[in-house]
Amino acid sequence: MAGISSYCRTVEDVQTVIQHAKLFEGDLQPLSQVLSFVPRTEAQGKYRFLELDPTLLSNLQRGQSLVFRGTRGENAVLCTHNRTYDVKEAETSNSLLLVPDLRWPAQNVDEAGRMLEEKQVLGVFHKYYELRTCKPRLRKVRQLLEECLYRGPEYEDYIAQSGIKLYTFQDLLENVQASEEELRTELKENLACCINGAWRFLEHEYHFRVLSYILNFVDENSWPIDKINKTETLQSLAALVPMDVLEQCFSWYAEETVTVDKDGETLYRLLEERICRFLAEVLLRQAGKFNLKDFLSSWQQSVPEGMQTTEKYLEGIALMDKNSKPEVIWYFPETDLPEDISERIRILFQTRDKWTLDEIRPYIQRLATEKLNVNALLTKHARASSVSGVRYYSAKHAK
């Protein structure tokens, strides 16, 4: 039983209230908790209510951390070790009282007679924060790391003297609204390189140079693309590229196989899609619109023997116009598009009036969620039509 008071109640006061309420004292717990309020100014602004689902609550009780992330001007998110949540303020018509150490009915008190305990109400709340799973906001990773591109050891003195900010993993966590696991995945997928504890992108020409060293060494040794000796490759190129950069670059473009050489050393396989995509970017960055036939020929010639280029490898990095004469292709990377879905859709339909689903999917996929997949996003933000049995998407309010 609990009562609210601004003065000290007695057991007799409580028994009188029980009688007036026509309750039987034997049906009640022997403990009555008397509530009093701290001054409003003392509690104001100190506390907030946050609603957690059973999984988050269980994680917190097991000692895992929940971290709010966001800088000035950003809406806060809450992160576990592997997920990100939007934090939204909600209202309730009920009054929520914050009472530390309040006893619950299950906490039995073995007393022969009635006893009282004083409890303080630290605040009355009508608002609380609720959480909704959201996509991590990772665009800032690229923005930060493009400020400190790695161009090779000969340029590092300039980086140090210029005061350019370098970012450790902890620095990125403090600036990027994402969980640790989501941030590590983003760094891996975007081929970020950890150099002396700081995460960097390789400047494009330097990146191409390092990959070319690896591919040329494979070619010089006439190795099949699925029988690459990693140790020999790294040792032979160590004089040309810092070992930490070389090892990470090798890991981006090759994977272990189950095959071993005569000395028992595991052999590696070059990753066709990743190498073909990067070499396509090298060619496309050099020009505006490229004759498609000439590009496809040059692209195939640029990749290692044994690899086969395919237009599928260009998804998300280039657009083609097969209705023009001659057919053309141009560089159009998904990573350059804004994170806001409405703005992204606007730019896509400015670039091209009509898109098939296969054409537009690579430019929408990253913004899809569990509740809104690519089809749902297009239904919401675009208009569908069919031409000769082919489904196209165009701007919702296009003429």
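Sequential numbering from 1 along the given sequence is applied to the chain's residues.
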Inspect the contact between [Y] and [X] and indicate whether a charged nitrogen and a carboxylate oxygen are less than 4.0 angstrom apart.
X: R103; Y: E117; answer: yes
X: E273; Y: K312; answer: no
X: K165; Y: D171; answer: yes
X: R274; Y: E255; answer: no
X: E205; Y: R285; answer: no
X: D86; Y: R137; answer: yes

Minimum-distance pair of heavy atoms, taken over all atoms of [X] and [Y]:
X: P362; Y: E315; value: CG-CB, 3.7 Å
X: M243; Y: A238; value: CE-CB, 3.6 Å
X: W199; Y: C148; value: O-SG, 4.3 Å
X: A178; Y: R69; value: O-NH1, 2.9 Å

Distance from [X] atom [atom1] to [Y] atom [atom2], nearest 0.5 Å?
X: L98; Y: Q120; atom1: CG; atom2: CD; result: 11.0 Å
X: Y129; Y: R48; atom1: OH; atom2: CZ; result: 5.0 Å
X: N221; Y: I228; atom1: CG; atom2: CD1; result: 9.0 Å
X: L202; Y: L149; atom1: CG; atom2: CG; result: 8.5 Å

What side-chain donor-acceptor pairs closer than 3.5 Å can you find for residues 331-343, not counting sequence neighbours?
from: Y331; atom 1: OH; to: E281; atom 2: OE1; distance (Å): 2.6
from: E334; atom 1: OE1; to: R366; atom 2: NE; distance (Å): 3.4
from: E334; atom 1: OE2; to: R344; atom 2: NH1; distance (Å): 2.7
from: E334; atom 1: OE2; to: R344; atom 2: NH2; distance (Å): 3.2
from: E334; atom 1: OE2; to: R366; atom 2: NE; distance (Å): 2.9
from: E334; atom 1: OE2; to: R366; atom 2: NH2; distance (Å): 3.2
from: E339; atom 1: OE2; to: R139; atom 2: NH2; distance (Å): 3.2
from: E339; atom 1: OE2; to: R366; atom 2: NH1; distance (Å): 3.4
from: E339; atom 1: OE2; to: R366; atom 2: NH2; distance (Å): 2.8
from: D340; atom 1: OD2; to: S342; atom 2: N; distance (Å): 3.3
from: D340; atom 1: OD2; to: E343; atom 2: N; distance (Å): 2.9
from: E343; atom 1: OE1; to: R346; atom 2: NE; distance (Å): 3.1
from: E343; atom 1: OE2; to: R346; atom 2: NE; distance (Å): 3.4
from: E343; atom 1: OE2; to: R346; atom 2: NH2; distance (Å): 2.4

Distance-only polar pair, side chains of [X] and [Y], donor-acceptor under 3.5 Å:
X: D13; Y: T10; answer: yes
X: T309; Y: Q300; answer: yes
X: T231; Y: Q235; answer: no
X: S95; Y: H126; answer: yes
X: N82; Y: T80; answer: yes

Determine whether more than 12 heavy atoms belonging to other residues, nucleotides or ligands lie under 6.0 Å from atom [atom1] of [X].
X: E89; atom1: CD; value: yes
X: K354; atom1: NZ; value: no
X: F208; atom1: CZ; value: no
X: E370; atom1: CD; value: no
X: D263; atom1: CG; value: yes
X: R62; atom1: CZ; value: yes

Any heavy-atom pair between the side chains of [Y] and [X] that's under 4.5 Å?
X: V260; Y: E265; result: no
X: V258; Y: T266; result: no
X: L240; Y: L237; result: yes
X: V245; Y: P242; result: yes

Are the aromatic ring centres of [X] and [Y] under 6.0 angstrom apart?
X: W252; Y: F278; answer: no
X: Y206; Y: Y150; answer: yes
X: F290; Y: F295; answer: yes
X: F250; Y: Y268; answer: yes

| field | The single option from E327, E311, E359 passing salt bridge (Lys or Arg N to Asp or Glu O under 4.0 Å) against K322 | value |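 The single option meeting the salt bridge (Lys or Arg N to Asp or Glu O under 4.0 Å) with K322 is E311.
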
| task | Look at the side-chain heavy atoms of Ile, Leu, Val, Met, Phe, Trp and Tyr, link any pair under 4.5 Å apart, and say whether L215 and Y313 land in one connected group. | result |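 L215 and Y313: one cluster.
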
Residues 182-190, side-chain donor-acceptor partners within the protein, below 3.5 Å, at least two apart:
from: E182; atom 1: OE1; to: T84; atom 2: OG1; distance (Å): 2.5
from: E182; atom 1: OE1; to: S179; atom 2: N; distance (Å): 3.0
from: E182; atom 1: OE1; to: S179; atom 2: OG; distance (Å): 2.9
from: T185; atom 1: OG1; to: E181; atom 2: O; distance (Å): 3.0
from: E186; atom 1: OE2; to: N190; atom 2: ND2; distance (Å): 2.9
from: N190; atom 1: OD1; to: R142; atom 2: NH2; distance (Å): 2.7
from: N190; atom 1: ND2; to: E186; atom 2: O; distance (Å): 2.9

